[in-house]
Number of protein chains: 2
Amino acid sequence: MAKVIVYEEPSLEEAKKIVKNALSRKKNIYILANCSVDYFGRSSSHLEFGERLIIIKSDGALLIHRPVGHSPVNWQPETSYIDVSYDSEEEVLVMKALRTRPREVVAIKLDNIFLIVEAELYDSGAFYMHISEKEIRDILATNPEILGEKLTTIDVEKKVEPGFIDLYLKDKKGNVVVVEIKRLTARVDAVRQLKKYINSLKSHMRTEKIRGIIVAPSITKKAQELLLKEKLEFKQINIEALSKYVGKTEKRSLFDYLK
Amino acid sequence: MAKVIVYEEPSLEEAKKIVKNALSRKKNIYILANCSVDYFGRSSSHLEFGERLIIIKSDGALLIHRPVGHSPVNWQPETSYIDVSYDSEEEVLVMKALRTRPREVVAIKLDNIFLIVEAELYDSGAFYMHISEKEIRDILATNPEILGEKLTTIDVEKKVEPGFIDLYLKDKKGNVVVVEIKRLTARVDAVRQLKKYINSLKSHMRTEKIRGIIVAPSITKKAQELLLKEKLEFKQINIEALSKYVGKTEKRSLFDYLK
DNA sequence: GCCTAGGTCCCGTCC
DNA sequence: GGACGGGGCCTAGGC
């Protein structure tokens, strides 16, 4: 079971020892403190002093969260090294998280620490994500009749020069059918993507006719227009209906959660 | 200054009161607990029981973080309502975070709570991000001579059918110059993007010559090849050197941070 | 390592 | 509100 140690209002010198020790033991560290943050790397940024939550995970992931908003204001997805030192001149605890590739640094200056929590967490729970684009693709590959006509699957994730074709099929007339799948509303960029693949195929073989189909639960107006202009097709699919093809997908509905 | 209250190992019934109260006062809430998570909405997922950090921010943002990794395993960027109840049958505290658009729900079941921290944080610190693509574009628009020749800026973010041209200029010979800017290494997709804009322009006006320039600190080999094939140009810029055109950008280098 | 594409992407911006 | 493109996107998968 989790081991959790709480330090309330440590001095900066005490905090330095606590954090260094916790880092060396690869604990999870959560700090509530008044701090400023500088970032330098692919871009650079400066965040003035304010009260935030600093998270250092056992694998070195670093996150700095403000009191509002989903996204961390600063972060380091993986750190090669976190340096902790006390700057007696500025009277701040300095934590520098380094990353080698890309070469980036996040430097945090803490001048008032409210809380440090050191935690050893056990988490081996499996995570299941249902109906990803990959799942839809595999269902359609084995059941191409879902698209409403007789089709034969030739290839899945077929490599062409500019990328990968989700589904590469042939229709009953022997035409090549290129399918681009979107799990959510298809937008103009999906149509562009499909056109790109078709252009690539056309440059290699000139004899056969090539059809392009966007498969998605819905499509934006602009995407529909571009589709018509490019003489491509759209096939609407019902994602919920597809779930019956997946054994392990749970049949719970939003309604069950809201009850 | 921050007000922080720490509750160590509360019972589930106590936790229910603490969380409900903190939610109603729009506090930041941090919970260390053994929990399972179900998500249903644009996609759906199930996470088995394990020890994690649950963050509820004062604006309703919800994050569930495992002990490793940058990204939260489950989240709700904004919640319209968080319901907290005790399920006496399963002996778990249930927190359901609802979102109306898109209609989504994250349901957390907690069966063992190690720590709850309730915090009122004050954070008004400004955040400065330096040299975005937009900034580079504006600097080049007002100082096109940086590109190494006499150019006149005609338009910024010019709308053409497939999108927006970063910079639309004329050179001293009166040729149209289309510039695509990348803040980091330019890749093949940047070249494709540029080509797309030029094609669009060509279809509208046939008299003038159109040049295309990729402006970036560096370019990949593949992009360079495509560039040559398409008879387009690459102009290297030094982002550091551009910063002198931005008043508020700090002149600190990576070296200063690493010292 | 680079490249490609997906994501419950999130987020800003413009219509 | 929908739609579209950017991001220090992050992450997974190929080569």
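Here the structure is a predicted model, which means the values were calculated and not measured. In what follows, every chain begins at residue 1, and chains take the letters A, B, ... in the order their sequences are listed.
Within the nucleic acid shown, B:R187 comes within 4.0 Å of at least one base atom, counting heavy atoms only. Heavy atoms of A:K159 sit nowhere under 4.0 angstrom from any nucleic acid atom.
Residues passing the salt bridge (charged side-chain N to carboxylate O under 4.0 Å, His left out) test with A:R99, sequence neighbours excluded: A:E104. Taking the side-chain contact (heavy atoms from CB on, under 4.5 Å) definition, one finds that B:E230 meets it with B:K195, B:L226, B:L232, sequence neighbours left out. For A:S124, there are no side-chain contact (heavy atoms from CB on, under 4.5 Å) partners, not counting sequence neighbours. Evaluation of the side-chain contact (heavy atoms from CB on, under 4.5 Å) rule for B:A190 yields B:K182, B:A186, B:I214 as partners, not counting sequence neighbours. Annotation: side-chain hydrogen bond (donor to acceptor under 3.5 Å, both in side chains) contacts of A:S218 (sequence neighbours excluded): A:T185. Residues passing the side-chain hydrogen bond (donor to acceptor under 3.5 Å, both in side chains) test with A:S71, sequence neighbours excluded: none. Every residue two or more places apart in sequence or in another chain that forms a side-chain hydrogen bond (donor to acceptor under 3.5 Å, both in side chains) with A:D83 is listed here: A:Y81. Under the salt bridge (charged side-chain N to carboxylate O under 4.0 Å, His left out) criterion, A:E48 pairs with no residue, sequence neighbours left out.
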Side-chain polar contacts of residues 157-167 of chain A - donor-acceptor pairs under 3.5 angstrom, sequence neighbours left out - could you list them?
unit_1	atom_1	unit_2	atom_2	d
A:E161	OE2	B:K222	NZ	3.4
A:D166	OD2	A:I181	N	2.8

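As a whole-Å value, the separation of A:R137 CZ from C:dG6 C1' is 11 Å. Separating the CD atom of B:E78 from the P atom of C:dC9 is a distance of 14 Å, rounded to the nearest angstrom. A:E133 places its CD atom 11 Å from the P atom of C:dT8, with the value rounded to the nearest Å. For the pair A:L184 CG and C:dT8 C1', the interatomic distance rounds to 8 Å; values are reported in whole Å. Rounded to an integer number of Å, the gap from CD of A:E180 to C1' of C:dG6 is 10 Å.
Nearest-nucleotide positions on DNA chain D for A:K222 and A:F164 put A:K222 closer to the 5' end. For the pair B:R101 and B:F127, nearest-nucleotide mapping onto DNA chain D gives the more 5' position to B:R101. Taking the nucleotide of DNA chain C with the nearest heavy atom to each of B:K221 and B:S43, the more 5' of the two is matched to B:K221.
Within residues 188-199 of chain A, the residues having any heavy atom under 4.0 Å from DNA chain C are, by residue number, A:Q193, A:K196, A:Y197. Listed by residue number, A:H70, A:S71 are the residues of residues 58-77 of chain A with a heavy-atom contact under 4.0 Å to DNA chain C.
Here chain B contacts DNA chain D (any atom closer than 4.0 Å to a heavy atom, that is under 4.0 Å), and the contacts span D:dG1 to D:dT11 from 5' to 3'.
Of all nucleotides present, only D:dG1 satisfies the Watson-Crick or G-U wobble test against C:dC15, with each distance under 3.5 Å.
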